[in-house]
Amino acid sequence: MMKNYRELLHLFHEFDEFLIQIHGLYLDSVAGFKLIVKYIEDDHAVDKELFKEDKRLSTPEFLDKLTFSHSHMIGEEYASSTVHLEKKGKVKARNIKDGKNQQFLGAMVIVLLYSYWENYFRKKLATALGVKTSVLLFPIWGDLKVLRHCILHKSKIENKDIEKIQYLKWFQHGDEIIIDEGKFREIFLSMLAFRNWIHEQSLHRTGIRIPMKR
């Protein structure tokens, strides 16, 4: 089987668009988390002024116990937002930088990336390269496979999992898989490098040289 250079170029652009979508989702979500925290903090500032005559009602501890509803922030009921009522302190805590929401988002990005690779893109890439799917073995995808398995099927990573990881050597035995901004950045840069590799495969190596200026 021979390489399909046109299809490889198409797959390069397709994978690039997929990465843009994933990166945009992550950035939009993180920006949204930050806006929620600011909204609650602004609310606290208003309430402090409102309750300034009673110090008990203007403490951060008291204000964090007030109820937060997304419908107040959005301006209307959205996706049954009035059903989800939570204390402002808990909402703020889960939305802070590298908080639970951002950690969960990072974990879901790993699940989404590997599912896209294993269930769809790997086969198309192998066909375009003219090789068997089993030949396409890359350390970064192998690492994501291990992390995805731990995220979906285990609460902690184990030594036998760590031994399989070649590149993303972040965790020790018993650690929870937490993907903060730094780890997400490293994964995303690895994906960009893989995207560039696909582009390299789409180029005809015919020995054409660019003339040098004299």
Side-chain angles (χ1 to χ4, degrees), residues 8-41 73 90-125 129 136-203:
L8 285 168
L9 184 59
H10 170 76
L11 291 178
F12 161 76
H13 289 297
E14 182 177 335
F15 191 66
D16 183 57
E17 286 297 322
F18 176 70
L19 291 183
I20 290 173
Q21 185 177 15
I22 293 295
H23 196 199
L25 172 65
Y26 186 89
L27 293 175
D28 289 349
S29 299
V30 171
F33 301 155
K34 186 175 182 179
L35 288 173
I36 289 175
V37 172
K38 185 179 185 305
Y39 179 86
I40 293 175
E41 290 176 344
M73 184 177 181
K90 289 186 177 181
V91 175
K92 186 170 59 175
R94 77 189 186 204
N95 281 288
I96 61 173
K97 181 177 179 179
D98 287 328
K100 289 296 184 181
N101 278 356
Q102 196 167 347
Q103 292 174 18
F104 182 78
L105 176 65
M108 290 303 100
V109 165
I110 287 179
V111 172
L112 185 58
L113 281 171
Y114 188 75
S115 295
Y116 177 84
W117 165 251
E118 185 62 21
N119 298 321
Y120 170 73
F121 196 77
R122 187 182 183 188
K123 183 177 180 179
K124 293 192 69 173
L125 183 59
L129 287 169
L136 296 185
L137 300 174
F138 302 91
I140 185 60
W141 290 113
D143 289 1
L144 292 181
K145 178 181 181 179
V146 174
L147 295 180
R148 173 189 175 275
H149 179 77
C150 292
I151 289 168
L152 294 179
H153 303 288
K154 303 180 181 183
S155 59
K156 308 289 183 181
I157 194 168
E158 301 173 358
N159 282 328
K160 62 180 181 180
D161 304 309
I162 297 172
E163 291 172 358
K164 299 175 185 177
I165 293 178
Q166 300 181 53
Y167 181 64
L168 304 177
K169 296 181 178 293
W170 299 321
F171 304 107
Q172 297 181 357
H173 177 76
D175 285 349
E176 182 181 356
I177 305 298
I178 294 178
I179 307 300
D180 57 22
E181 284 188 17
K183 292 182 177 63
F184 175 86
R185 181 178 184 275
E186 192 169 343
I187 290 172
F188 190 73
L189 290 177
S190 298
M191 291 292 100
L192 292 178
F194 183 74
R195 176 207 62 182
N196 294 341
W197 179 84
I198 297 173
H199 188 264
E200 289 177 4
Q201 304 311 304
S202 73
L203 302 176

*Mind checking side chain to side chain donor-acceptor pair (under 3.5 Å) for Lys38 and listing every partner two or more places apart, or none if nothing turns up?*
Asp42
*To the nearest 0.5 Å, tell me how far Leu105 CG sits from Lys100 NZ.*
14.0 Å
Throw together a table of side-chain donor-acceptor distances under 3.5 angstrom for residues 172-179, partners on residues two or more places apart or in other chains.
residue	atom	partner	partner atom	Å
His173	ND1	Asn159	N	3.1
Asp175	OD2	Gln172	N	2.7

_Counting only heavy atoms not in Phe104 (residues, nucleotides, ligands), do more than 12 fall under 6.0 Å from its CZ?_
no
If you look only at distance, which donor and acceptor atoms sit under 3.5 Å apart when one is on a side chain in residues 112-122 and the other is two or more places apart or in another chain?
residue	atom	partner	partner atom	Å
Tyr114	OH	Glu118	OE1	3.2
Ser115	OG	Val111	O	2.8
Glu118	OE1	Arg122	NH1	3.0
Asn119	ND2	Ser115	O	3.3
Tyr120	OH	Glu14	OE2	2.4
Tyr120	OH	Lys124	NZ	3.1
Arg122	NE	Thr133	O	3.3
Arg122	NE	Leu136	O	3.3
Arg122	NH2	Thr133	O	3.3
Arg122	NH2	Leu136	O	3.1

*Quick one: list whatever passes side chain to side chain donor-acceptor pair (under 3.5 Å) with Asn95, sequence neighbours left out.*
Asn101
Table please: side-chain donor-acceptor pairs of residues 184-191 below 3.5 Å, with sequence neighbours left out.
residue	atom	partner	partner atom	Å
Glu186	OE1	Trp170	NE1	3.2
Ser190	OG	Glu186	O	3.0

_Residue pairs passing the salt bridge (charged side-chain N to carboxylate O under 4.0 Å, His left out) test where at least one lies in residues 163-174, sequence neighbours excluded_ = none
*Among all residues two or more places apart in sequence or in another chain, which pass the side-chain contact (heavy atoms from CB on, under 4.5 Å) test with Asp98?*
Gln102, Asp180, Glu181
*asked:* As a quick check of understanding, evaluate side chain to side chain contact (heavy atoms under 4.5 Å, CB included) for Leu168 and Leu144, giving each step before the final call.
replied: CA-CA 8 Å; Leu168 304 177; Leu144 292 181; 4.0 Å; yes
*Considering residues at least two apart in sequence or located in another chain, which fulfil the side chain to side chain donor-acceptor pair (under 3.5 Å) criterion with Asp16?*
Arg195
*Could you pull out all residues at least two apart from His199 that satisfy ring pair (Phe, Tyr, Trp, His ring centres under 6.0 Å)?*
Phe12
*Just how far is it from atom CD1 of Ile36 to atom NZ of Lys92, taken to the nearest 0.5 Å?*
13.0 Å
*Supply the atom-to-atom distance Leu19 CG to Leu192 CG, rounded to the nearest 0.5 angstrom.*
6.0 Å
*Only pairs at least two apart or in different chains count here, so list each side chain to side chain donor-acceptor pair (under 3.5 Å) that has a residue in residues 136-152.*
none
*Looking at residues at least two apart in the chain, or sitting in another chain, which of them share a side-chain contact (heavy atoms from CB on, under 4.5 Å) with Lys160?*
Lys154, Glu158
*Just wondering, do Phe194 and Ile198 contact through their side chains at under 4.5 Å, heavy atoms?*
yes
*State, with a plain yes or no, whether a side-chain heavy atom of Leu8 is found less than 4.5 Å away from one of Leu125.*
yes
